[in-house]
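Data first, discussion second: the structure below is written as structure tokens.
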Number of protein chains: 2
Amino acid sequence: MKNLRVQLQVQINEKIYLKDPYSSDLGKKILAESIRLIDSLGLEAFTFRKLAKELGTTESSVYRYFENKHKLLIYLTSWYYGWLEYQLVFSTTNISSAEERLRVAIEVIAKGISYRESIDNFEIDALNRIVVSESSKAYLTKEVDDGNKEGFYGGYKRLVGRISDIALEINPKFENAHTLISTIVEGIHHQKYFADHLPSLTDLEGDTTLLAGFYSDMALAILHKT
Amino acid sequence: MKNLRVQLQVQINEKIYLKDPYSSDLGKKILAESIRLIDSLGLEAFTFRKLAKELGTTESSVYRYFENKHKLLIYLTSWYYGWLEYQLVFSTTNISSAEERLRVAIEVIAKGISYRESIDNFEIDALNRIVVSESSKAYLTKEVDDGNKEGFYGGYKRLVGRISDIALEINPKFENAHTLISTIVEGIHHQKYFADHLPSLTDLEGDTTLLAGFYSDMALAILHKT
DNA sequence: CTAAAATGATAGTAATACTATTAAAGATAG
DNA sequence: CTATCTTTAATAGTATTACTATCATTTTAG
């Protein structure tokens with residue numbers, strides 16, 4: 001096993017970008033800095049002009065990589081879900097119990113990406129926060145159907161599909177696996193946001209273990225009931 | 001009982017608007033037309049200029065009522081949740097079984113507002129769609145904490161609080177009532193959206209009875225398990 | 001060393017998100 | 001019924017956003 005070096009790369013749908021940001025230095029800097037800026041300004045106040053200024057480059061250079069900030073957001077969330085999928089597969093192989101695998105899967109979603117897992121020097125905490133507070137804007141738009149046809153949401157769908165399969169192992173007759181899992185994934189994000197900003201809408205305080213515990217219990221309760 | 005006439009009015013936090021849209025004809029037209037326009041253009045492409053044009057009035061007149069389109073969105077969702085709260089109270093009084101009340105409550109959320117209930121001549125279907133696809137943008141913003149301090153999200157919180165109370169009647173020891181209910185309310189909206197736009201993330205096809213059934217079963221499963 | 005690719009510099013346009021000012025209409029009170 | 005107060009309309013203007021285009025310069029790869 002010596003000298004085993006794995007080049008791990010999240011595969012992103014090519015239609016999301018104009019030019020692969022991983023193909024150049026500037027591209028990678030655009031990703032890293034946009035994570036920092038979107039996190040600090042919020043998606044609405046974030047602009048390519050501000051991004052370019054932070055990077056000491058020009059607007060037109062940024063536009064060479066992404067058509068607009070919405071596509072960039074889709075890129076970032078796709079990257080995130082791609083990474084989580086890897087995380088998920090990695091953490092659940094060799095666990096024979098489907099119930100245990102479901103618990104682990106939900107924990108992965110609740111924990112998000114952690115520092116030691118990340119290869120690129122993105123600010124992972126910031127990316128986690130972006131996913132919590134901005135990711136639903138990636139699909140809550142009038143262009144969702146076109147984007148869906150182009151496969152922009154494939155990463156998210158695959159993740160939900162994979163966990164749904166685990167749920168179906170637990171109860172093959174359960175008819176709402178996708179509904180259940182997408183509810184849980186969205187739920188985790190919303191509860192984290194509520195814990196930080198609208199605490200009367202939640203009982204949790206942002207503790208990811210408790211959060212994962214709640215949703216695991218809920219999933220198992222309904223999977224066993226039906 | 002003859003001549004019983006009730007003036008039903010949803011109470012809206014005064015800080016949301018600059019001038020009460022219910023206080024004038026133009027104000028009411030702004031509400032009605034903005035519902036139609038936001039539904040057809042989406043929030044991003046919706047502007048006060050376009051709204052004014054549709055109404056045959058001017059931008060500055062619209063700005064006299066609302067500071068910006070975000071506040072207008074908050075107004076519309078507050079109105080919606082205020083109405084739903086009334087709906088909820090009305091539909092659940094005189095039901096002695098807490099379980100049955102929870103089922104009815106979830107059905108109310110899933111069904112949204114229906115035509116015969118509406119007093120103002122808003123396009124109710126359009127408002128229901130706006131809530132599904134735009135309402136989370138009302139709080140997913142950098143200004144959420146200020147807005148929360150001003151009480152902008154009171155309607156939503158009260159609704160969740162009320163249904164949580166029903167859940168607690170069923171199981172007084174349940175510690176995650178708010179988490180459960182806000183998950184369900186958000187879940188209902190997301191599942192409706194997924195059914196229309198990202199069907200592989202759901203198993204339901206937009207049938208509100210099935211949707212309500214799923215979430216009721218889920219709620220009761222976890223309320224009884226714990 | 002040269003060609004090709006990538007970036008930088010600069011400019012420009014249409015639309016957005018407002019604010020301000022003044023004129024005209026409508027309602028209301030004495 | 002007129003004076004006045006409020007509301008709306010008309011017009012203008014500003015800073016910013018969201019791009020697109022062009023061309024010069026630098027970097028990189030063969």
Side-chain angles (χ1 to χ4, degrees), chain A residues 14-34 37-38 40-76 134 137-138 140-143 146-147 152, chain B residues 14-34 37-38 40-76 134 137-138 140-143 146-147 152:
Chain A
E14 292 183 6
K15 289 174 182 159
I16 294 173
Y17 49 80
L18 295 171
K19 181 184 155 101
D20 183 5
Y22 268 95
S23 72
S24 76
D25 220 54
L26 179 62
K28 279 174 247 171
K29 278 183 194 154
I30 286 174
L31 295 180
E33 185 61 30
S34 66
L37 258 191
I38 293 174
S40 81
L41 301 176
L43 187 68
E44 282 67 37
F46 168 84
T47 68
F48 277 3
R49 175 177 296 246
K50 290 172 188 167
L51 174 62
K53 201 171 182 186
E54 288 298 313
L55 289 171
T57 180
T58 59
E59 247 180 306
S60 48
S61 296
V62 177
Y63 274 105
R64 251 176 234 121
Y65 289 84
F66 293 101
E67 230 177 299
N68 51 50
K69 71 176 170 183
H70 187 243
K71 286 276 174 70
L72 172 56
L73 175 69
I74 292 175
Y75 187 98
L76 294 176
E134 315 285 3
K137 295 173 191 168
L140 291 175
T141 129
K142 280 285 164 187
E143 292 80 40
D146 295 334
F152 292 176
Chain B
E14 292 184 5
K15 288 175 184 159
I16 295 174
Y17 50 79
L18 295 171
K19 181 185 155 99
D20 183 5
Y22 268 97
S23 72
S24 78
D25 220 57
L26 180 64
K28 279 174 246 170
K29 279 182 194 155
I30 287 174
L31 296 181
E33 185 61 31
S34 66
L37 258 190
I38 293 175
S40 79
L41 301 177
L43 188 68
E44 282 68 37
F46 167 84
T47 68
F48 277 5
R49 176 176 295 246
K50 290 171 187 166
L51 174 62
K53 201 171 181 185
E54 288 298 312
L55 289 169
T57 182
T58 59
E59 245 181 307
S60 48
S61 295
V62 178
Y63 274 106
R64 242 175 250 119
Y65 289 85
F66 294 101
E67 230 177 299
N68 51 49
K69 69 177 171 183
H70 188 243
K71 286 277 175 70
L72 172 56
L73 175 69
I74 292 175
Y75 186 97
L76 294 176
E134 315 285 3
K137 296 172 192 168
L140 291 176
T141 131
K142 279 286 164 187
E143 292 80 39
D146 295 334
F152 292 175

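What you are looking at is a predicted structure, and each value in this text was computed from that prediction instead of being measured. Throughout, a chain's letter reflects where its sequence line sits, starting with A, and its residues are numbered from 1.
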Does C:dT7 have OP1 or OP2 sitting under 4.0 Å from an N or O in the side chain of A:Thr57? no
Is the phosphate of D:dT7 approached by B:Lys19 (side-chain N or O, under 4.0 Å from OP1 or OP2)? yes
Would a distance-only check, ignoring hydrogens and angles, find a side-chain to backbone donor-acceptor pair under 3.5 Å from A:Glu33 to A:Leu55? no
Tell me: CD of B:Glu44 to P of C:dA15, nearest whole Å? 18 Å
Rounding to a whole Å, what distance do you find between A:Tyr63:OH and C:dA11:P? 19 Å
CZ of B:Arg49 versus P of C:dT16: gap in Å, rounded? 7 Å
May I ask you to verify if any side-chain N or O of A:Lys50 is less than 4.0 angstrom from the OP1 or OP2 atom of D:dT17? yes
Please tell me if B:Tyr65 has a side-chain N or O lying less than 4.0 Å from either OP1 or OP2 of D:dT8. yes
Listed nucleotide nearest any side-chain atom of B:Leu26, set D:dC19, D:dT8, C:dT7: D:dT8
Want to settle it: does B:Ser60 or A:Thr47 sit nearer the 5' end of DNA chain D, counting the closest nucleotide to each? B:Ser60
Taking the side chain as every heavy atom from C-beta outward, state whether B:Leu72 and B:Leu31 have any pair of such atoms under 4.5 Å apart. yes
Look at B:Glu44 together with A:Lys137 and state whether they make a salt bridge at an N to O cut-off of under 4.0 Å. no
May I ask you to evaluate whether B:Ser61 reaches the phosphate of D:dA9, defined as a side-chain N or O under 4.0 Å from OP1 or OP2? yes
Rounded to the nearest angstrom, tell me the gap between atom CD in A:Glu59 and atom P in D:dT17. 9 Å
Before you tell me yes or no, could you show the steps for B:Ser24 and B:Tyr65 under side chain to side chain donor-acceptor pair (under 3.5 Å), namely the whole-Å CA-CA distance, both residues' side-chain angles and the distance that decides it to 0.1 Å? CA-CA 10 Å; B:Ser24 78; B:Tyr65 289 85; 2.5 Å; yes
Once you round it to whole Å, what is the distance between P of D:dT17 and CZ of A:Phe46? 12 Å
Looking at every strand, decide which applies to A:Glu67 at a 4.0 Å heavy-atom threshold: base, sugar-phosphate, or nothing. sugar-phosphate
Could you give the CG-to-P distance, from B:Asp20 to D:dT7, as a whole number of Å? 11 Å
Nearest heavy-atom pair of A:Lys69 and A:Phe46: which atoms, and what distance? NZ-O, 3.0 Å
Rounded to whole Å, please give me the gap between CG in A:Leu51 and C1' in D:dT17. 14 Å
In whole angstroms, the gap separating C1' of C:dT19 from CG of B:Asn68 amounts to 14 Å
Is B:Thr58 near enough to D:dT8 that one of its side-chain N or O atoms lies under 4.0 angstrom from OP1 or OP2? no
